[in-house]
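Because the structure is a prediction, the values reported are computed rather than measured.
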Amino acid sequence: MGTISFVHFQESIQLDQIVNPKSQKKLSNVLLQAIKEDLNVDSSETLYKKDNSLTFNGLLLSMKLLAAEYKDGNIDFNVLVSNPEALLNKDALVSDNTPSNGIPITKKKDSKVSSLSQKTYRSLMENDLLSAEETMDIFYEFDVFVTRRKEEEDTNTDKKMEDVNNALIAKKMKVLLEKDCIGKDWLTKLKYAATKCRWIVFVDTDECSKKLSLPDKMADSLKRIIESRKLFVSQAVADSLNNILTSRNVQTVALVNPENELHMTDGLRWVKCIPFKNHTNFINTVYKVVSGFEIKQEKSEELYFGPGEVAVGLAWHYAAFHLNKKLPRGQGKEFVILGDKEVDYDPNFRLYLNTKLANPKYTPNVFGKSMVINYTVTLKGLEDQLLSVIVKFERRELEEQRERLIQETSDNKKLLKDLEDALLRELAQSQGNMLDNSELIQTLEETKTKATEVSEKLKLGAKTALDIDKLRDGYRPAARRGAILFFILAEMSSINTMYQYSLSSYLEVFQFSLKKSLPDAMLQKRLRNIMDTLTHNMYNYGCTGIFEKHKLLFSFQIAIKLEQDQGNVTQEELDFFIKGNIALEKSKRKKPFTWFPEEGWEDCIRLVEVLPDRFGSLLEDIERNEKLWKKWFDHDTPESQKYPLKYEDSLTHFQRLVLLRCFRIDRIYRAVEEYVTKSMGEKYVTPPIISFETVFEQSMPTSPIVFILSPGSDPASDLVKLAERIEFGSNKLKFLSMGQGQEKLALQYLETAVARGQWLMLQNCHLLVKWLRDLEKQLEKLTKPHPDFRLWLTTEPTPSFPIGILQRSLKVVTEPPNGLKLNLRGTYHKISATALSECPHPAFPALVFVLGFFHAVVQERRKYGKIGWNIGYDFNESDHRVCMQILNTYLTKAHEQAEVKIPWNSLKYLIGEVMYGGRAIDDFDRRVLRTYMDEYMGDFIFDTFQPFHFYVNENVDYRIPEDGPRDNYVDFIEGLPHANTPEVFGLHPNAEIGYYTQAARDMWMNLIELQPQTGGDTGGISREEFIGKVAQEVLNKIPQEFELDKIKKKYGLEISPTTVVLLQELERFNNLLNRMRKSLNTLQKALIGEVGMSSELDDVARALFNGLIPFIWRRLAPDTLKSLGNWMIHFERRYKQYYGWVNESEPQVMWLSGLHIPESYLTALVQATCRKNGWPLDKSTLYTSVTHWKKAEDVTERAHQGCFVDGLFLEGAGWDNENSCLIRQNPKQLIEELPVLKIIPIEAHRLKLQNTFKTPVYVTSQRRNAMGVGLVFEADLATTEHISHWTLQGVCLTLNTD
């Protein structure tokens, strides 16, 4: 049962007028009179509390009184509109010309719930004046007393009543905007709702749940009331209030249905038939409406019509005519204008809109004009559902008995209600003396006897139900495990939109696990078997459809959720592990040792606050025991070593992870593997090997198989081999590569394949995503396809891929092999012995191996991120195959012409520059490819005196095998180790640390997406308070904007190029200041309910909560990967540099990172120097020289030409300050700050450099993207090593650390 809060405005009574404490005395006499005369309640009951506010009884009685006034027709609406306070005075409401029947301001006749105003509801709940159950009783009692409006009332009355209601709404709208009155995110929607006269139903909105949650008792009451109206309730979903609400008399209903729960329970058919059982003219009207709509087929998602059906999933803009509700009238009829036609409008028309998006972003207009029902399954609801599945499997007779009991109970309650109604009807129709009416007395006796029997049956049913529930609850732990696992699987879609799973597909895995788990007579052992089998099957099922880089994250999610469920890990611990210390202010307590990471020390300080019972003395322990902690810190694998001091024995497995975070981020990835292994077993860190046979066995004709592609993967060839292995027949396997104009052909192929039982593979579906909507409809129409039919789709990850196809499909991620050995093995697996002997040249087999090794290296280098390649390229099998043909062609030609010399230059150019280099769009990436060609190709590889090695150390020797048949090469490859160090690729061992550090950071960013964005941070404050506090802290740090007009006037008309850069920078900085201040001020208003919470503000709030930079600020600031706290330090330093530049002079040492576009400043320097010296601008360049000054403060002179810059960080190499040259990095030191750099503009023809390495300078460690953004300039750094060494090490400079 989800948390549901009802808000209804058009027809609600403004009860805050009645319970206004100042007016209590006015109401007192009237209430007492009502108690004595009409309501027959003991007058001694207390009506008021000490603070002069109404008690529950007082409020209930006041509502009954108001209802009685309506009933008697004693309310004049003109008085009510002009003076709502008149509600407090009985006499003021009576008017001579009041119609005898009166017009109550109530909801329509078939509605059974009246709403309480938000303000009253909140005040009563907060002051413990009113419990949720009591509120339900108020709703019920009030509704019983209110007279229903008669059907035959004329249109004028309708209009009059609407005016009255709108006037009341306008007067009371401020109630909604009170602080904490309602959930912040819904304020905008509520404003619209107030004016558009509609119900809104919020399900599971966390903001509302604290104040507005309905306990089970209240939900049952509501259900009882609605069921008493004789509404049909689908048996399959009888426990769901959502379905009851769907069948209410509401004009527009939006169904949020991500797990396709409606389909699962056959509910879509239920939605179609329930509201229209008695509306015979409905379908004809719908046909008229839709037929008049000329563009109906262009954009509409689904249009299903038939007997008793309703349009489901109609696009929102097609519903506009219905949502606007301003229907013109003509000749006494309402009509809608569709296109150029007027179509009669039937008031019985109902529109249902269904979405599979879990969090659809509809406009407030749509939310305000429709009832929104969230069918998203809840943890408790799914647990109950799975419990039924388990009990049905384990104890079928028990579940059947329970279902019969539910049916009998429902029938008995209905019978009891019918008896009561019949009795009341008899009494009402009775004439004369009741005691003389023998038929009536006999009816009374019979009714009493039947009622007694039914009551006894109900009591017996309730007792039996308790006994059954006790037996069923024995299986609840397995059901809970199943529910938790489904939510873990479903939440993965926030990491990648392709990871979509429906509840129906999960239930198949669940039922399969029940069958496969080992039986046992002992219930506890049987439950353990079910849970273990289910968990592992779900892990395997999930791993099949997710990328390698997310598999450990998936395992960790399973482990941590199960640990949290058992109470072994708290949310505070997990938040700290993911976010660390996100405070804006740095601690005053400085780190005790230089080797201690700065960020790690801040984390330690925060850890002491989060978990004082375990880490209360951590800071002192570190300060007093440096050697012990240093030894542990320096170890290659600290996670597997003994932790220092008491921390070895006193910490849980997860707390060990938390402590490791403070010291060695680079070991977190491995430590998480170890944690999962200890918590759940080694099988959860060894993903299943994807076998096409297994995939085929799991597939069905009605569900497509979707291959999610990654660079270098090729499922088509594997599918052909599968068809050969199972002897399917190549003539029954059809391939079609999707692209523009292939839509009709694809549908023809599909139709043929379905009829004849063929396999159809549609490749590259991401190129034709729009057409996939049509494919989805075709798949839904499949009823009885040929049993051999299979549909295989290949696509790259794309956010617009239809969720419907993903949810019903079997997803398979295909990735190329990981590791040099597996890559080489895969390459040689595709090279036949014949292909190796085709070329007569003796060097051909050796060069094929060199080419294979080069192919593996360029693919594996991608693993190391930006230090490997600036842009990740899709080097694949086709590149290798074509290059092998090039080798064959050139060597065959050389052999035929009896040339001794191999044409190395041609081969290196064609392979390195054309084939592989043709994919590389970055100059520095091409430089890497050229270097590999120079290192791997030349006569030196055949030198017998000095044998060639790709890489050699004491453990392994990567070399060219001895010449011989294909098996020689295959055997050599099999003898290579599975794992390889970065040095094989020419990288520094630190690249491995960088890889694992980045992997840990990526995992944390993904985990942030998976965390609930609700609740309080540590310290017990709510999410809103925490966000408000951070927003205020940032606001306090935002300086005043620069006055550009004054600054321009100060510099006059003759301004230098660098001053132009300053003015441009200040303009951009002002834009950022303005945006930050405006968004934070608006956010603070939204948090207290003064304005609506837009999606943009919601993104800002989310970012502040997670310690990240909001996207709308990031767009106006220089590129950065920093957290919010570190970025604010950077932001303040930027302001200081601008302030000094404006008020003093151009900085002596320029901090380039503080400029929005640093390259513009360097261009201005060249321009100024060219003007001064009369050089041509296009023939000038920059020369750089590293000085001996380590910090900007050390610089004692101003540059006469060019400038000094600081804040550059060297990645991939170290710097020798004494000899002023590049050196190898120190272990574990990934970046090193470069001393102050002097940049000098110079004429290009005068620049002659020797022993220098052209080093790219980037803004961040993300380097340069595919669009070329990120490169600032190139620096010349002195070196004593050959430049190929630094090229392969991926050396660069960056302006920012992360």
Side-chain angles (χ1 to χ4, degrees), residues 3 183 185 204-210 213 359 378-380 382-383 480-481 483-492 494-495 553-583 602-616 618 650-662 668 671-672 675-676 678-680 1000-1001 1003-1030 1101-1108 1123-1125:
T3 302
D185 292 349
D204 282 333
T205 54
D206 295 304
E207 290 84 359
C208 294
S209 61
K210 292 179 186 175
S213 60
N359 187 19
T378 60
L379 185 67
K380 184 71 172 68
L382 183 57
E383 183 185 320
R480 182 162 183 80
R481 170 70 62 93
I484 291 168
L485 292 175
F486 171 73
F487 278 97
I488 293 168
L489 199 62
E491 285 165 359
M492 290 299 289
S494 60
I495 305 299
L553 170 72
F554 183 49
S555 302
F556 181 70
Q557 262 297 88
I558 297 172
I560 209 71
K561 288 289 184 186
L562 296 181
E563 287 283 281
Q564 280 187 301
D565 186 50
Q566 293 164 12
N568 297 336
V569 175
T570 64
Q571 189 61 41
E572 286 79 11
E573 287 175 319
L574 184 58
D575 282 344
F576 174 80
F577 173 67
I578 296 169
K579 300 176 189 176
N581 190 345
I582 56 174
E602 295 294 330
D603 286 346
C604 284
I605 291 168
R606 176 68 181 146
L607 182 56
V608 172
E609 297 169 10
V610 174
L611 295 169
D613 53 331
R614 293 295 173 95
F615 297 101
L618 178 63
S650 64
L651 303 182
T652 63
H653 292 315
F654 187 74
Q655 286 165 351
R656 289 167 74 94
L657 260 185
V658 166
L659 183 57
L660 183 68
R661 185 201 204 285
C662 302
I668 286 292
V672 165
Y675 171 73
V676 173
K678 285 178 180 174
S679 302
M680 299 171 62
R1001 292 189 191 281
M1003 182 185 282
W1004 285 331
M1005 288 306 293
N1006 287 328
L1007 282 168
I1008 284 176
E1009 293 299 318
L1010 293 172
Q1011 295 313 299
Q1013 297 298 316
T1014 55
D1017 199 67
T1018 45
I1021 63 174
S1022 70
R1023 179 178 186 265
E1024 285 75 18
E1025 288 170 328
F1026 179 77
I1027 293 168
K1029 182 176 166 230
V1030 174
R1102 186 185 174 92
L1104 296 183
F1105 182 65
N1106 292 321
L1108 304 174
S1123 64
L1124 181 61

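Nearest heavy atom pair, residue Leu657 against residue Val672, reads CD2-N, 3.9 Å. Contact detail for Ala1101 and Ile1027: the closest heavy-atom pair is O-CD1, 3.6 Å. Scanning both residues, Glu573 and Val658, for their nearest heavy atoms gives O-CG2, 4.2 Å. Annotation for Leu607 and Cys662: closest pair CD2-SG, 4.0 Å, computed over non-hydrogen atoms. Closest non-hydrogen pair, Leu382 versus Phe486, comes out as CD2-CD2, 3.5 Å. Residue Leu379 comes nearest to Ile484 through the heavy atom pair CD1-N, 3.9 Å, listed as atom of the first residue, atom of the second, then distance.
Summarising the local packing, NZ of Lys1029 is surrounded by 12 or fewer heavy atoms from other residues, nucleotides or ligands at distances under 6.0 Å.
Rounded to the nearest 0.5 angstrom, Glu563 CD and Phe556 CZ are separated by 10.0 Å. Atom CD1 of Ile495 sits about 4.0 Å away from atom CG of Leu1010, to the nearest 0.5 Å. For the atom pair OG1 of Thr570 and CG of Asp575, the computed distance is 8.5 Å after rounding to the nearest 0.5 Å.
Considering only heavy atoms from C-beta on, Asn1106 stays 4.5 Å or farther from Gln1011 through its side chain. Side-chain contact between Leu1124 and Val1030 is present, with heavy atoms from C-beta onward closer than 4.5 Å. Looking at heavy atoms from C-beta onward, Ile668 lies out of side-chain contact with Met1003 at the 4.5 angstrom threshold. Side chains of Gln557 and Ile560 form a contact here, defined as non-hydrogen atoms less than 4.5 Å apart. Leu485 has its side chain out of reach of Leu489: every pair of non-hydrogen atoms, C-beta onward, lies at least 4.5 Å apart. Here the side chains of Met1005 and Leu1108 are in contact, with some heavy-atom distance below 4.5 Å. Counting heavy atoms from C-beta outward, Ser1123 and Ile582 have side chains that stay 4.5 Å or more apart.
Judged by distance alone, with hydrogens and angles left aside, the side-chain atoms of Ser679 form no donor-acceptor pair with the main-chain N or O of Val676 at under 3.5 Å. Proximity of a side-chain donor or acceptor of Glu1025 to a complementary backbone N or O of Ser1022 within less than 3.5 Å is detected. Remark: the backbone N or O of Thr652 is paired with a side-chain donor or acceptor of Gln655 at under 3.5 angstrom. Checked by atom type and distance alone, the side chain of Arg661 pairs as donor or acceptor with a backbone atom of Ile578 at under 3.5 Å. One N or O on the side chain of Arg614 and one on the backbone of Ser650 form a donor-acceptor pair closer than 3.5 Å. One N or O on the side chain of Asn581 and one on the backbone of Glu602 form a donor-acceptor pair closer than 3.5 Å.
Under the ring pair (Phe, Tyr, Trp, His ring centres under 6.0 Å) criterion, Phe576 pairs with no residue, sequence neighbours left out.
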Kindly determine whether Gln566 and Lys561 satisfy side-chain contact (heavy atoms from CB on, under 4.5 Å), including the steps that lead there. CA-CA 9 Å; Gln566 293 164 12; Lys561 288 289 184 186; over 6 Å; no

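Under the 6.0 Å cut-off for aromatic ring centres, Tyr675 and Phe577 do not qualify, their centroids lying 6.0 Å or more apart.
Salt-bridge annotation for Lys380 and Glu383: absent, with no side-chain N of the basic residue lying under 4.0 Å from a carboxylate O of the acidic one. A salt bridge links Arg1102 with Glu1009: the closest approach of a Lys/Arg side-chain nitrogen to an acidic carboxylate oxygen falls below 4.0 angstrom.
At a cut-off of 3.5 Å, with distance as the only test, no side-chain donor of Gln564 or Asn568 sits close to an acceptor on the other residue.
Geometric assessment of Lys579 against the ring of Phe1105 yields a positive cation-pi assignment under the 6.0 Å and 45° thresholds.
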